[in-house]
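Right, one structure below, let's go through it.
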Amino acid sequence: MASPRGQWSGKLGFILAAAGSAVGLGNLWKFPYITHQNEGGAFVLVYIAAVALVGLPIMMAEIILGRRGGLNPVGTFRTLAEGRAGGRAWQAVGFMGVAAGFIILSYYSVVAGWTLRYIVLAVGGQLGELAARPHALDEFFGAYAADGGAQVLGHALFMGATMAAVLFGVKAGIERVATVLMPLLFLILIGLAVYAATTDGFGEAMAFLFDPDFGALTLRSVLEALGQAFFSLSLGMGAILTYGSYMRKQDSIPLSALQISALDTLVGLLACVIMFSIIFTFGLEVTASAGILFTTLPAVFYQLPGGGVLAAGFYILVAFAALTSTISLLEVVSSYAIDELRWSRRQATLTMGGGIFVFGVLNALSLGANGPLSTLNVFGEGKDGMFNTLDFLAANWLLPVGGLLIALFAGWVLAARESWDEVRQGHPGGAALFAGWRFLIRFVAPLAVGAIIFSVIFLGMEYQ
Ligand code: PFF
C-alpha cells in the first residue's frame with residue numbers, strides 16, 4: 001500500500017516552500033558572480049526577460065502538471081502521457097529531472113557546507129581577524145577550498161540536515177522549515193540592502209546592474225542567463241512540479257507562480273545590489289569570483305559596529321536559504337523512490353541522501369584537494385574541475401532541455417481543456433490570463449529555449 005501523499009497546509013505553505021526552493025545559493029552566491037563575470041547591465045536584462053518569457057510560463061506548467069499528475073516527476077509524466085503522442089517515452093523527462101536533482105544536490109551541498117564553516121569562523125572571531133588583514137580572506141578561502149577533509153565535513157553536515165528535514169515529510173518538515181526561515185531571510189536582506197543604499201558605491205552598483213552595455217553580450221552569456229533563470233527558479237527538473245503535486249486544488253496557480261518568480265528575482269537583484277555596492281565602495285578587487293559571497297562580503301561586516309554578530313547572522317541566513325533549496329532537491333529524488341519504487345519515506349530519504357553524499361565527495365575533493373578531479377575540463381575556460389563541470393552541465397544543459405520538454409508537453413500534448421481545468425480551480429475568471437500562458441508555453445518558451453540550444457550545438461557557437 002502506498003502511504004497517503006502529503007499536502008501543504010494552505011496557499012502560503014506552498015508559496016513559502018516553493019520560494020524556499022527557488023531562493024538559495026543560486027540567488028545569493030551564483031547570480032552575483034555570474035553577473036560579475038558577464039559584466040552586468042545587459043546580462044541582467046536578458047536574465048529578466050528569460051524569467052518573464054520563459055521561466056514564469058514554465059513554472060506555471062510545472063505546477064499544472066504536478067497538481068494534475070499528483071506524483072513525482074516520473075510518475076506524473078507516465079500518468080499524464082498515457083495514451084497520447086509519445087506515450088511512455090515522456091517518462092524520460094521525469095528521469096532526467098530526478099538525475100538532475102541528484103547531480104545538483106551533490107555539489108550544491110558542498111557550497112552550502114561553506115556557510116557552516118563561516119558561521120563558526122564568525123562566532124569564534126577568526127573571521128574578524130581575517131577581514132582586518134588585506135588579502136587574508138582570499139587566501140583563507142583558497143586554502144579552505146583545497147582542504148579535502150574540511151570540504152567533505154561541511155558537505156556531510158549539510159546533507160545530514162537536509163535528510164533530517166525531508167524525513168519529517170511535506171507539512172511537518174519541508175513546510176515548517178520554510179515558514180520559519182523565509183521571512184527571516186527577507187528581513188535580513190532588506191536590512192542589508194538599506195545599508196548598501198547608504199554607501200558611496202551604491203550609485204556605481206546601480207549603473208553596473210541597470211545601465212546595459214550590449215557590446216558585452218555573447219551567445220554564451222545568453223545561454224548562461226537562461227540557465228541561471230532555470231536554476232534560480234528551480235525549473236526544468238521537476239522540483240516545482242513535485243511541490244505542485246502537494247498543492248491544494250483551491251489555490252491559484254498563476255498567482256503562486258507569479259509571486260514565487262517575482263520574489264526569487266527580487267532576491268537575486270537585491271543580493272547583487274548589496275554585493276556590488278560593497279565592492280565598489282571599498283574598491284575591492286574580485287579575485288575569486290566564485291567566492292564573492294565568502295571573500296568580499298565578510299570584509300564589510302567588520303566595518304560596522306557589531307560586525308561579528310552581523311557576519312554570523314548573515315551566514316546563518318545563507319545556510320537557511322540553502323537548506324530550503326537542498327530540501328527540495330532531495331524531495332524530488334526521494335518522492336521518486338517513494339512513489340515509483342514504493343519505498344518508505346525513511347528508506348527513500350536515507351538511501352538517496354546517502355548516495356548523493358557519497359557521489360558529492362568527488363565534488364568536495366575537486367576544488368583543489370585532488371589533482372585530476374580539480375583539473376578535469378569539458379566545458380572550457382573557467383569551468384575547471386568536476387564541481388564546475390557538473391554545475392555547467394546541470395544548469396546550462398539538463399535544466400534548459402528539461403524545461404523545453406516540459407513546455408512542449410504542457411503546451412502541445414496536454415489538452416487545453418485539461419490545463420484550463422487546473423488553472424480555473426483557484427483562479428476562476430482567468431481566461432485571458434490562461435490564453436496568454438498558452439501562447440507563451442506553446443510558442444515563446446520552446447522557441448527561445450530551442451533557438452539557444454540549437455545555436456550552441458549546431459552553429460558551432462563555442463562557449464569561449
Ligand atoms: N533554486 C535554487 C537556488 O537558486 O539556489 C537551486 C535549485 C533548487 C535548483 C532546486 C533546482 C532545484 F530543483
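Whatever order the structure lists them in is the order used to number ligands and atoms, beginning at 1.
Ring geometry, Trp114 versus Trp29: the interplanar angle exceeds 60°, so the pair is classed perpendicular (tilted spans 30 to 60°). Between His36 and Phe208, the angle of the ring planes lies from 30° to 60°, which puts this pair in the tilted group.
Among all protein heavy atoms, the one lying closest to atom 4 (O) of ligand 1 is Ala22 O, 2.9 Å. The protein heavy atom nearest to atom 12 (C) of ligand 1 is Leu329 CD2, 3.4 Å. Ser234 OG, 3.3 Å is the protein heavy atom nearest to atom 8 (C) of ligand 1. What sits closest to atom 1 (N) of ligand 1 on the protein, heavy atoms only, is Phe231 O, 2.8 Å.
Under the 6.0 Å cut-off for aromatic ring centres, Phe95 and Trp90 do not qualify, their centroids lying 6.0 Å or more apart.
Minimum heavy-atom separation, Ser328 to Ser325: OG-O, 2.8 Å.
The proximity of Ser21 to ligand 1, defined as any non-hydrogen pair under 4.0 Å, involves the side chain as well as the backbone. At a heavy-atom distance under 4.0 Å, only side-chain atoms of Tyr108, from C-beta outward, approach ligand 1.
Short contacts between ligand 1 and Met237, defined as distances under 4.0 Å to a heavy atom of the residue, involve ligand atoms 11 (C), 12 (C), 13 (F). Ligand-side atoms of ligand 1 in range of Asn27: 4 (O), range being under 4.0 angstrom from any heavy atom. Below 4.0 Å from some heavy atom of Gly26 lie the following atoms of ligand 1, by number and element: 3 (C), 4 (O), 5 (O).
Considering both main-chain and side-chain atoms, Leu25 comes within under 3.5 Å of ligand 1 through a nitrogen or oxygen pair. Annotation: Leu233 places no N or O atom under 3.5 Å from an N or O atom of ligand 1; distance criterion only.
Taking CD of Glu224 as the reference point, atom CD1 of Ile452 lies at 12.0 Å (rounded to 0.5 Å). Rounded to the nearest 0.5 Å, atoms CD1 (Ile292) and CZ (Phe141) are 10.5 Å apart.
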